[in-house]
Amino acid sequence: MRKILNVDNLHVAYGKFKVLHELSFDVEESQVLGVIGPNGAGKTTLMNALSGLVIPYDGTVVFDGVNITKKSPDERCRHGIGRTYQVPRPFEGLTVFENVLVGAAYGVGKSERAVIAKAVEVLKSTSLYEKSDTVAGRLTLLDRKRLEIARALATEPKLLLLDEVAAGLTDAEVHEVMELVEYLKGTGITIIWIEHVIKTMAESTDKLLCLSTGTGLIYGDPDYVMASKEVEEVYLGVEEE
Amino acid sequence: MRLNAENIKGMLLRYIVAIVILAALFTLPFWGGRYIVMLVMLMGMYITLGHMWNLLAGYSGLTSLGQQMYIGVGGYTLAVASTNLGLPLVVGLIMGGIVSVIIAVGLSYLLLRMKGMYFAIATWMFAEAMLLIVATVSFLGKGQGLFITEARKLVTAQIYYFSIVLVVITTIVIVVLLRSKLGLGLFAIRDNDSASATSGVPQFKSKLYCMIISSFITGVCGGVFYMSQVWVQPYASFSISWTVAAVFIVVIGGIGTIAGPIVGGIIYVFLSQYLSTLSQIGSLNMVILGVIAVAVILVAPKGIVGTVQEKFGFEILSARRWLGKSLAKVPVAPAPASEAERES
Ligand SMILES: Nc1ncnc2c1ncn2[C@@H]1O[C@H](COP(=O)(O)OP(=O)(O)O)[C@@H](O)[C@H]1O
Ligand SMILES: [Mg+2]
């Protein structure tokens with residue numbers, strides 16, 4: 001299988017505070033890479049580095065054959081990286097439809113007809129179609145999470161970054177979001193997926209990366225990662241928080 | 001759009017209102033008194049000023065405190081172009097816009113790296129620096145400023161038309177802009193800049209376009225204003241009170257709305273005329289305007305237009321993209337992957 005993403009020796013810091021160091025891994029096309037690790041391990045920071053919101057001070061990120069280490073977030077989006085935010089960041093003054101239009105209009109840049117068609121398709125597949133004309137600031141958390149996915153999908157990403165889409169939801173709502181993620185997997189899109197639900201992650205990912213205070217602690221097949229002593233130590237220690 | 005009776009009635013009503021307002025504006029000098037003509041002329045300029053500050057602060061998160069720079073540059077360019085170079089006034093006005101754009105683009109590479117307070121203070125600093133330069137160059141009349149000799153030949157009614165054409169064009173530009181793809185991107189930047197960036201909206205380019213449009217039109221507006229004054233003087237034309245007026249207009253009217261600066265501009269001109277009959281102390285009037293603005297922010301943070309729109313659920317000059325209307329305009333085939341189909 002073709003490698004769509006290659007992260008090599010990545011170092012990221014906020015000012016002097018080092019968050020990620022010596023992190024290396026690959027993602028193959030159409031696969032799902034799960035990322036687990038305790039709070040503060042640097043999972044969201046990894047998303048930020050991949051989507052361009054922070055620029056690493058060392059290391060390289062190669063996506064789809066292009067070195068994107070220093071590219072801006074909007075360039076990366078047009079290049080095929082879509083993302084969601086752990087704490088949803090909708091365009092609150094715009095309607096659900098308009099939120100998705102932003103992604104569709106700027107992500108690939110097509111004719112007006114194609115943009116509207118894309119928006120409608122995405123709204124339907126994320127169960128938001130009925131709420132198209134609702135102002136995003138009035139949505140429930142579940143719908144905000146859906147909107148995060150919808151807006152990212154509208155940009156037609158080759159790689160989708162999901163940052164804790166299930167966090168903060170009730171069990172029933174988690175179930176709904178998980179169904180949506182299953183659907184995404186079915187479309188063949190490459191996914192990097194951060195989540196705290198360890199069991200789900202072990203079952204429904206192709207590879208797992210466990211982060212612990214910024215270093216790729218262990219990386220490989222889910223069974224191998226879950227069985228490792230390191231993960232047990234890092235993870236069980238914070239599970240109950 | 002489907003043509004049912006309701007739609008046709010709404011459309012007709014809108015066209016009729018627009019035509020009546022435009023007809024009244026363009027015939028005013030023939031039936032209105034001199035004072036009214038002067039007031040409406042000022043409104044045209046202040047609404048334009050408000051629109052352009054709103055474009056920066058209300059839509060792209062660029063809280064400029066330096067709009068007076070373009071007013072001054074517009075006035076001075078007009079003076080030099082018409083008096084020194086002997087060019088027609090209209091050419092001088094446009095040149096004022098162009099020189100403003102050149103300055104804005106030159107500064108943008110510095111300014112657009114800053115956010116919030118830093119951007120605000122930097123724009124103010126550059127405007128002050130420009131004032132100091134202009135006030136020391138003898139070619140530009142130092143502290144005395146320059147006469148716009150050619151403008152003396154114009155009567156108020158003629159300058160009135162410059163102002164009305166300017167505000168009508170500006171309003172049309174704003175509506176068209178906000179309904180375009182760039183407008184959609186600006187709304188996104190306004191609501192969340194990082195999410196807009198990761199959704200593909202180019203930050204630098206979108207903001208640069210806003211700065212270009214805003215500096216051009218504000219520059220022309222400065223030219224039109226100093227045409228009516230005949231004399232452009234550095235401390236008045238580069239005064240922060242221009243931006244204070246713009247902020248007042250937009251905050252009172254409703255930031256981030258198209259109709260806001262129109263309502264705010266009308267109120268501002270009436271108020272400042274009334275205040276100037278009470279006292280001749282400019283700074284005292286500025287304090288009173290400030291108090292009124294703060295009161296409005298406390299009572300109705302979204303301004304008059306924003307509050308009215310929220311209460312009654314409609315928008316004047318809306319840039320909203322409703323699903324139904326978009327589908328009526330661009331019919332698309334129903335998408336395959338609906339929730340129901342997926343689960344079956
Ligand atoms: N913008 C920021 N500025 C400074 N420190 C940050 C910032 N964002 C995150 N951090 C810090 O970086 C570390 C990793 O955070 P994060 O990537 O959000 O972890 P995770 O998503 O795994 O919970 C934490 O210690 C956090 O406090
Ligand atoms: Mg996180």
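Please read all numbers here as calculations on a predicted model, not as lab measurements.
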(request) Determine the option with the most heavy-atom pairs under 4.5 angstrom with chain A, choosing from B:L327, B:D191, B:I189. (result) B:D191
(request) Give the member of A:L94, A:V96, A:N99, A:T155 that has the highest number of heavy-atom pairs under 4.5 Å with chain B. (result) A:L94
(message) With a 4.0 Å cut-off on N to O distance, would you call A:K3 and A:E29 a salt bridge?
(response) no
(request) For each of B:S194, B:G185, B:G324, tally heavy-atom pairs with chain A at distances under 4.5 Å, and name the one with the top tally. (result) B:S194
(request) Using non-hydrogen atoms and a 4.5 Å limit, figure out which bit of A:V135 sits close to chain B: side chain, backbone, both or neither. (result) side chain
(request) Below 4.5 Å from any heavy atom of chain B, which atoms of A:F91 appear? Answer side chain, backbone, both or neither. (result) both
(request) Answer with yes or no whether the side chains of B:Q67 and B:S64 bring together a donor and an acceptor at under 3.5 Å. (result) yes
(request) Below 4.5 Å from any heavy atom of chain A, which atoms of B:R320 appear? Answer side chain, backbone, both or neither. (result) both
(request) Salt-bridge test for B:D193 and B:K115: reply yes if a basic N is under 4.0 Å from a carboxylate O, no otherwise. (result) yes
(message) For A:L101, which atoms come within 4.5 Å of any heavy atom of chain B: side chain, backbone, both, or neither?
(response) both
(request) Decide, yes or no, whether a salt bridge links A:K124 with A:E130 under the criterion of side-chain N to carboxylate O below 4.0 Å. (result) no
(request) Check A:R146, A:K145, A:R151 against A:E148 for a salt bridge (Lys or Arg N to Asp or Glu O under 4.0 Å) and give me the one that passes. (result) A:R151
(message) With chain B as the partner, which of A:G52, A:C77, A:A154 has the greatest number of non-hydrogen pairs under 4.5 Å?
(response) A:C77
(request) Evaluate the side-chain proximity of A:L160 to A:T190: yes if any heavy-atom separation is below 4.5 Å, no if none is. (result) no
